[in-house]
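Below: one structure, written as structure tokens.
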Amino acid sequence: MRFAPGARRFAVPAFAAAAVLALVAPPFALVALAAGGFVAWFFRDPERRPSGPGVVSPADGHVSVVREEGDQLRVGVFMNVTDVHVNRAPFEGRVERVTHRPGKHLPAFSKESERNERVDIDVETDRGPAELSLIAGAFARRIHPYVEAGDDLDRAQRIGHIDFGSRADVLLPPAYDRGDLLVEEGDSVRAGESIVAARER
């Protein structure tokens, strides 16, 4: 099993504590062992392949936002604690800029989460400009982008992860309209696999 970067930082101390506690306080050792196992499971990073042509979901979870912003559409996916938290590129393109924006740490499923800490990744695609946003949640304190300006993206490529609870948005290129969407709010999706929009041309 592959794990996202940072798993060791959280899991190793828990497993080390379990080893020490096993000698002096076995019940607490079980708690530490369970904590380490949970952290390792949380940072799991399974292989994913697109299920068909089109824009793939940037995250595992449930679609929490579908709205128009000017001449573009935004699709947001809320990741709860049981979801994989490694994010994927919805389409091919070139990274124009990566911008970290400080902010609050409100629940990522709420409307107020627009003010949360985030990393915005501007991408130029063959269908126009697009944006990916990795948004911290109530418990997330670190966003880890894997890409930087000038990088070329492949569809479903890993682009980053967020520690403990979050949301990932894709602002689709202007070529996409409501008729191209294949999801609606409440739908369950998988990063790099589920198709959220498709357009023929």
Side-chain angles (χ1 to χ4, degrees), residues 3-11 13-14 35 38-45 55-70 72-91 93-125 129-151 153 156-173 183 185-186 188-192 196:
F3 297 96
R8 289 184 178 180
R9 179 161 56 92
F10 293 104
F38 169 77
V39 168
W41 175 76
F42 181 88
F43 280 92
R44 67 199 186 282
D45 183 8
V55 177
V56 297
S57 175
D60 278 27
H62 288 83
V63 176
S64 60
V65 175
V66 175
R67 68 165 180 258
E68 296 180 9
E69 293 187 6
Q72 292 177 270
L73 288 168
R74 177 177 297 275
V75 178
V77 179
F78 170 68
M79 294 170 275
N80 67 33
V81 72
T82 62
D83 293 313
V84 172
H85 278 61
V86 175
N87 303 126
R88 304 272 184 157
F91 30 58
R94 185 175 182 82
V95 177
E96 297 295 316
R97 67 187 62 83
V98 178
T99 307
H100 174 257
R101 304 184 190 281
K104 299 181 179 296
H105 290 88
L106 302 169
F109 56 81
S110 69
K111 293 181 179 180
E112 290 77 15
S113 64
E114 301 295 333
R115 296 178 290 160
N116 280 11
E117 179 181 358
R118 62 196 289 152
V119 169
D120 292 327
I121 303 172
D122 294 298
V123 180
E124 186 61 39
T125 77
E131 182 184 76
L132 309 173
S133 297
L134 309 183
I135 304 171
F139 299 103
R141 288 297 181 268
R142 296 196 65 183
I143 303 173
H144 305 272
Y146 301 165
V147 298
E148 58 186 21
D151 287 352
L153 297 181
Q157 173 185 330
R158 296 171 176 88
I159 59 169
H161 77 273
I162 312 172
D163 292 345
F164 304 110
S166 46
R167 190 178 114 194
D169 288 8
V170 53
L171 189 63
L172 297 170
V183 296
E185 291 186 13
S188 178
V189 292
R190 286 162 61 94
V196 299

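When reading the values below, keep in mind they use all heavy atoms of this one structure, side chains included, and skip hydrogens, waters and symmetry mates. One-based numbering along the sequence shown. Note that this is a predicted model, so its numbers are computed, not measured.
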Could you point out which residue of Leu134, Ile135, Val77 forms a side-chain contact (heavy atoms from CB on, under 4.5 Å) with Arg167?
Ile135

Looking at Arg94 and Glu96, is there a salt bridge between them, counting it only when a charged N and a carboxylate O are closer than 4.0 Å?
no

Sequence neighbours excluded, which residues qualify as salt bridge (charged side-chain N to carboxylate O under 4.0 Å, His left out) partners of [X]?
X      : result
Glu148 : none
Arg158 : Asp45, Glu47
Asp122 : Arg97

Considering non-hydrogen atoms only, spot the tightest contact between [X] and [Y] and give its length.
X      : Y      : answer
Gly93  : Val123 : CA-CG1, 3.9 Å
Asp83  : Gly61  : OD2-CA, 3.4 Å
Ala168 : Met79  : N-CE, 3.8 Å
Gly160 : Tyr146 : N-CD1, 3.4 Å
Phe91  : Leu153 : O-CB, 4.1 Å
Leu172 : Ala130 : C-CB, 4.4 Å

Is it the case that the side chains of Glu185 and His62 hold a donor-acceptor pair, with the cut-off being a distance below 3.5 Å and no angle test?
no

Under the 3.5 angstrom rule, does the side chain of Gln72 hit a backbone N or O of Pro129 as a donor-acceptor pair?
yes

Under 3.5 Å: donor-acceptor pair, side chain of Asp60, backbone of Ala191
yes

If you round to the nearest 0.5 Å, how far is [atom2] of [Y] from [atom1] of [X]?
X      : Y      : atom1 : atom2 : value
Ser133 : Ile143 : OG    : CD1   : 9.5 Å
Ile162 : Glu117 : CD1   : CD    : 9.5 Å
Asp120 : Leu171 : CG    : CG    : 9.5 Å

Pick out which of His100, His161, His85 makes a ring-ring contact (aromatic ring centres under 6.0 Å, His included) with His144.
His161

